[in-house]
Every structure is written in C-alpha cells, then in structure tokens.
Amino acid sequence: MTLFPKIHQELPSQTAGPYVHIGCTPQMAGLETIYGGSHLGSKMVNENTLGIRISISGKIFDGTGTPIKDGIIELWQADAQGLFHSPAENRGKSDLNFQGWGRQPTDILTGEFHFDTIKPGRIPYLSSNKLQAPFISIWVAARGINLGLHTRMYFPEEVEANAEDPVLNRLEHQNRVHTLIAKPLEDGMYQFDIVLQGENETVFFDI
Amino acid sequence: MTNKPPSSGGFFPRNFQIHPPAYTPDYKSSVARSPKLALVSIGNGISEIAGPVFGHEELGPTDNDLIQNYSAKGQSPIGERIIVYGRLMDERGKGIEGALIEIWQANSAGRYRHTKDKYIGPLDPNFGGCGRTITGEDGQYEFRTIKPGPYPWPNGINDWRPSHIHFSLFGPGFSQRLITQMYFEGDPLIKICPIVNTIPDKEAIGLLIARLDMANTIPMDTLAYEFNLVLRGCRSTMFENRPEGN
C-alpha cells in the first residue's frame with residue numbers, strides 16, 4: 001500500500017464575524033446586484049426534484065435566549081432515495097435535480113431562517129448496513145462562534161426509526177435527544193430551533 | 001498479506017489544539033454564543049465524507065476580481081492593489097481541485113459594505129468587498145483586490161482589527177467546512193487582536209499570515225501575497241479506491 005501521511009495542519013478556524021453575509025449571502029448585506037442577484041444555496045429544489053416537499057424554519061438562540069441575527073446556516077442532506085449529490089457517492093446515482101445543499105442567513109430583524117427542501121431518504125450508518133433515521137446535517141457560523149458548529153435535524157414523525165437510530169442512541173445524555181428533533185407545524189412544515197448555550201443546549205457534533 | 005488500500009475512511013480527526021476553544025472571554029461575543037457541553041464525537045459516514053459540488057458555470061468571470069466586480073466602468077476602488085494567491089491542499093499535501101473559496105473584506109478605509117456597519121470610514125462606491133472562485137486542478141486559486149484597512153470594533157474600549165480577509169472554504173467533504181481569516185505579514189495589530197488570540201497555539205497563528213511575495217508582484221501595478229490553505233485530509237480519497245474509469 002502507499003502511505004499518504006498527514007504532513008500539514010488544517011488551518012485554524014476564525015469566527016465568521018458580523019459581516020459574513022457579504023461573502024456568503026451578499027443580498028442580505030445590501031449588495032443586491034452582485035453574483036447575478038442571488039447567493040449560492042438559495043434554492044434547493046426545483047419543480048422536477050423528487051421527494052416530499054418540506055420547509056424548515058427556526059431561530060438560533062444564544063445563552064441569554066436572544067435570537068442571533070447575524071449568522072448563516074447551511075444544510076446538507078441526501079435526496080429522497082438516500083443518495084448524495086457528490087463524487088464521494090458510490091452507492092448509486094442521485095437525483096440530478098437536487099444538489100442537497102442549501103444556505104440561508106438568519107433574518108437581520110427577526111433572526112429567523114427558512115429553507116424549502118425535500119425530506120431525505122435514509123442512509124447507512126458508517127460502513128454498516130444499518131440504516132439511520134432520516135436526518136439533515138446542519139452547520140452554523142456567526143460572530144462569536146469560533147469554530148463552525150455541526151448538528152443534525154431529525155423528523156418528529158419517525159418515532160420508530162429515531163428510537164433505533166445509532167447516533168441518537170449513542171448520546172450519553174438521552175434527555176438531550178429532543179434538541180435534535182424538529183417540531184411539526186402544519187403539513188410538511190417543521191420548526192427547528194438551535195440553542196447555542198444553556199438550558200436545552202442543542203447537541204453539537206465533532207465529525 | 002493482502003495489499004489492499006485502506007477503505008475510504010473518514011477525515012483525520014480535527015486537532016482541537018490549534019482551533020480556538022468555543023469560550024474565549026477576551027473576545028466578548030463568544031461568551032453567550034459558546035456551547036458549554038462537550039461536542040459529541042461521531043465517526044465519518046457518507047454524510048460527513050461527501051459534500052456539495054460547485055460548478056465553474058455557477059460563477060461569473062470577474063467573481064474573483066474585487067477590483068472589477070463592483071466598480072463602475074472605467075473606475076476602480078481606492079487602495080493598495082494586491083493579488084492574493086496560493087494553493088488549497090489537504091493535510092497530506094494533495095491539491096484540492098474544484099473547491100469553492102469565498103472571501104469578504106472591508107475596503108481600504110476599514111469599512112464594510114454591510115447595512116449594519118456604521119464605522120466613520122467611508123464606503124468606496126467602487127468596492128463591494130466580496131469575491132469567490134473555484135480551485136484549479138492542483139488546488140491553485142487567486143484573487144485580485146485592494147488591501148483592507150484596519151478598523152476599531154466594539155469589544156474592549158480600544159480594540160482594533162488588523163487588516164484581514166475572511167475566507168470560507170468548501171472541500172469535497174462536509175466535515176471539512178471551514179471559515180477563517182487571512183492576515184498580512186508585518187502587521188503590528190496581529191499580536192494584540194483579541195480574535196487572533198482566540199487561537200491558543202501561537203505557531204498556528206502563523207498559518208494565517210500571508211507572505212509578501214515580491215516575485216509575483218506586477219511591477220508598477222500590484223503587490224502579491226501568498227496564502228496557502230489547508231483543509232482536513234482523508235486517509236484515502238474515494239477516487240484512490242475506485243478502479244480506473246469508475
């Protein structure tokens with residue numbers, strides 16, 4: 001075998017700062033016309049995307065219970081069949097009408113974020129054949145966050161799958177599982193709030 | 001003995017010694033925004049190893065030229081004209097092709113074009129302050145811009161940010177996602193900046209300081225700074241494990 005040793009160090013992280021929108025969602029910062037008028041990841045689905053339409057909205061709360069109004073949030077998920085639109089996907093061909101990635105700012109006035117996407121299919125756990133409950137990977141960056149935070153959103157109606165999920169089951173503090181499960185609103189709409197600190201602090205992952 | 005390559009595994013675990021911890025009270029914004037409980041470590045499955053793909057066709061021809069991408073025809077922004085260039089690689093030193101790099105920065109007066117920035121430094125009508133590019137086949141990238149100015153910020157009573165450019169990096173895997181900042185060689189504000197000093201390892205700070213590169217300046221026109229970027233590496237990549245043409 002050929003050994004490819006680690007010879008460099010990943011760059012240290014620095015906070016995204018209060019003006020992350022200029023680079024990542026410039027229309028939010030007031031740069032309305034740049035990049036053709038829309039940011040990357042602003043639209044996750046088109047009319048041909050396969051799967052059940054869902055929407056997700058929520059807020060990100062700091063340790064005082066105040067919603068943060070200067071962050072960005074990114075989603076990464078499988079398509080309706082449980083396949084990723086990525087060169088690393090070797091289990092099959094994913095839906096060409098679904099990139100699986102989205103990015104939105106938290107609203108500058110209310111702190112709310114909103115995504116329109118589809119419900120992902122189930123994917124295997126690590127290299128096993130065991131399936132995980134459907135989930136969406138989430139990444140959060142903002143002023144005051146020194147290293148972007150990874151979490152996951154699971155679905156409230158998947159009671160059985162959630163109960164058997166290998167990641168949810170390995171949480172030492174089972175009383176924190178609820179922080180990863182969205183709240184159902186009307187049909188196909190979910191609320192997923194993220195709590196950075198304090199009571200009901202969201203589970204964040206080192207992945 | 002079998003001589004198979006290692007199965008396409010996860011990324012090298014993150015070295016938390018070089019990253020800032022979540023809670024860094026000298027950088028006050030971190031105090032209420034830092035999780036108190038430990039991160040839960042989980043292995044890398046397909047959702048962590050895979051990541052979104054960005055196509056060159058999604059970008060415009062001047063997206064990596066901040067001197068041109070917001071300026072009126074025939075005009076250009078005020079400030080020191082610079083090229084920032086380098087190579088994006090993984091921790092094994094392999095160039096990362098097709099990665100999305102997004103940058104944002106203040107103008108030469110230290111003012112951001114953002115509805116929330118009220119600093120007294122003036123806006124420059126010819127400067128937007130954002131750029132993006134996709135890395136070439138060996139991970140190479142370049143931007144043309146103007147050198148951002150330092151500026152005061154509300155933290156301590158008299159804290160100033162050194163000149164810096166924010167970098168958002170997307171490697172092929174979602175667990176490589178990283179935002180960081182680039183500083184300029186020789187800037188005396190670096191060592192007294194509370195945000196720089198959230199990084200506990202002083203040597204690691206050096207990885208964020210771009211080097212003045214006179215060899216690549218354009219004489220009578222533009223200075224050059226070299227800034228190499230490193231993201232987490234995989235023990236082996238998907239591509240190395242696949243038979244040819246698969």
Side-chain angles (χ1 to χ4, degrees), chain A residues 1 4-19 21-24 26 29-31 34-36 40 62-64 68 76 84-90 99-101 108 123-127 137 139 141-148 167 171 196-197 201 203-207, chain B residues 3 5 12 15 18-20 22 24 29-30 32-37 39-53 70 91-93 102-104 112-117 128-130 166 168 172 174-175 177-181 195 198-199 204 207-208 229-233 238:
Chain A
M1 82 177 228
F4 287 110
K6 175 172 163 171
I7 55 170
H8 294 297
Q9 171 57 59
E10 178 190 21
L11 291 186
S13 172
Q14 290 270 265
T15 179
Y19 306 125
H21 312 111
I22 298 172
C24 293
L31 286 89
I34 203 150
Y35 298 161
L40 290 173
D62 73 12
T64 73
I68 73 169
W76 171 238
F84 285 94
H85 188 66
S86 164
E89 178 60 84
N90 53 19
Q99 191 194 17
W101 175 76
I108 210 160
I123 63 166
Y125 177 56
L126 304 180
S127 52
S137 297
W139 188 77
R143 171 176 66 87
I145 295 177
N146 285 331
L147 175 63
V167 169
L171 296 181
L196 296 178
Q197 185 189 90
E201 183 175 306
V203 172
F204 296 106
F205 294 104
D206 161 33
I207 60 174
Chain B
N3 202 21
F12 294 119
N15 174 7
I18 62 102
H19 288 294
T24 49
S29 293
S30 75
R33 294 183 171 196
S34 42
K36 289 277 192 285
L37 298 171
L39 299 179
V40 175
S41 297
I42 55 175
N44 283 179
I46 183 69
S47 51
E48 289 72 41
I49 295 168
V53 180
Y70 199 83
E91 288 173 317
R92 301 183 307 167
E102 296 162 294
I103 66 169
W104 63 101
Y112 285 91
R113 185 171 289 281
H114 190 289
T115 48
K116 281 192 177 172
D117 190 0
C130 60
H166 297 265
S168 166
F174 199 60
S175 47
R177 192 79 182 84
L178 187 73
I179 284 180
T180 190
Q181 302 183 26
I195 289 179
T198 60
I199 300 171
L207 300 174
L208 299 182
L229 307 167
V230 182
L231 290 176
R232 292 168 71 183
M238 292 296 168

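Here is the naming used below: chain letters follow the sequence lines, and residue numbers restart at 1 for every chain.
Checking side-chain atoms of E91(B) against main-chain N and O of E10(A) turns up a donor-acceptor pair under 3.5 Å. Side-chain atoms of Q197(A) come within 3.5 Å of backbone N or O of S34(B) as a donor-acceptor pair.
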W139(A) vs I179(B), side chain to side chain contact (heavy atoms under 4.5 Å, CB included): CA-CA, chis, key distance, verdict:
CA-CA 11 Å; W139(A) 188 77; I179(B) 284 180; 3.7 Å; yes

Step-by-step side chain to side chain contact (heavy atoms under 4.5 Å, CB included) determination, H19(B) to N146(A):
CA-CA 8 Å; H19(B) 288 294; N146(A) 285 331; over 6 Å; no

Decide yes or no on side chain to side chain contact (heavy atoms under 4.5 Å, CB included) for S86(A) and F174(B), but give the supporting numbers first.
CA-CA 10 Å; S86(A) 164; F174(B) 199 60; over 6 Å; no

Side chain to side chain contact (heavy atoms under 4.5 Å, CB included) between I22(A) and H166(B), intermediate numbers included:
CA-CA 10 Å; I22(A) 298 172; H166(B) 297 265; over 6 Å; no

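Using a 4.5 Å cut-off between heavy atoms, I103(B) touches chain A through its backbone atoms (N, CA, C, O) alone. If you measure heavy-atom distances from A50(B) to chain A, the contacts under 4.5 Å come from both the backbone and the side chain. For chain B, no part of S127(A) is nearby; none of its heavy atoms comes within less than 4.5 Å. Interface residue S168(B): only side-chain heavy atoms are found under 4.5 Å from chain A. If you measure heavy-atom distances from I108(A) to chain B, the contacts under 4.5 Å come from both the backbone and the side chain. With a 4.5 angstrom heavy-atom cutoff, Q181(B) touches chain A via backbone and side-chain atoms both. For Y19(A), the parts lying under 4.5 angstrom from a heavy atom of chain B are both the backbone and the side chain. Only the side chain of A141(A) has a heavy atom closer than 4.5 Å to any heavy atom of chain B. Only the side chain of I123(A) has a heavy atom closer than 4.5 Å to any heavy atom of chain B.
Side chains of Q14(A) and T198(B) form a contact here, defined as non-hydrogen atoms less than 4.5 Å apart. In this structure, R92(B) and H8(A) have side chains that are not in contact, with every pair of non-hydrogen atoms separated by 4.5 Å or more. T15(A) is not listed as a side-chain neighbour of S29(B), based on a closest heavy-atom distance of 4.5 Å or more.
Summarising the geometry of R143(A) relative to R33(B), their closest heavy-atom pair is O-NH1, 2.8 Å, with the distance given to 0.1 Å. Taking each heavy atom of G30(A) and T115(B) in turn, the nearest pair found is CA-CG2, 4.3 Å. The two atoms that bring V53(B) and P87(A) nearest to each other are CG2-CD, 3.3 Å, heavy atoms only. Shown here for T180(B) and P12(A), the closest heavy-atom pair between the two residues is OG1-O, 2.7 Å. Closest non-hydrogen pair, G43(B) versus L126(A), comes out as C-CD2, 3.6 Å. Of all heavy-atom pairs spanning G23(A) and E102(B), the tightest one is O-OE2, 3.7 Å.
In terms of non-hydrogen atom pairs under 4.5 Å with chain A, the most contact-rich of G45(B), G233(B), P20(B) is P20(B). Among A22(B), A204(B), S47(B), the residue making the largest number of heavy-atom pairs under 4.5 Å with chain A is S47(B). Among C24(A), S137(A), S13(A), the residue with the largest count of heavy-atom pairs under 4.5 Å with chain B is S13(A). Here A16(A) is the residue among G100(A), A16(A), G148(A), A142(A) with the most heavy-atom pairs under 4.5 Å with chain B. Comparing S175(B), G93(B), P35(B) by heavy-atom pairs within less than 4.5 Å of chain A, the highest count is held by P35(B).
Between N15(B) atom CG and Q9(A) atom CD the span is 4.5 Å, to the nearest 0.5 Å. Considering CH2 of W76(A) and CZ of R177(B), their distance stands at 12.5 Å, rounded to 0.5 Å. Residue C130(B) holds its SG atom at 5.0 Å from CG of L31(A), rounded to the nearest 0.5 Å.
Remark: of the listed residues I49(B), N44(B), L39(B), V40(B), N44(B) is the sole one forming a side-chain contact (heavy atoms from CB on, under 4.5 Å) with I207(A).
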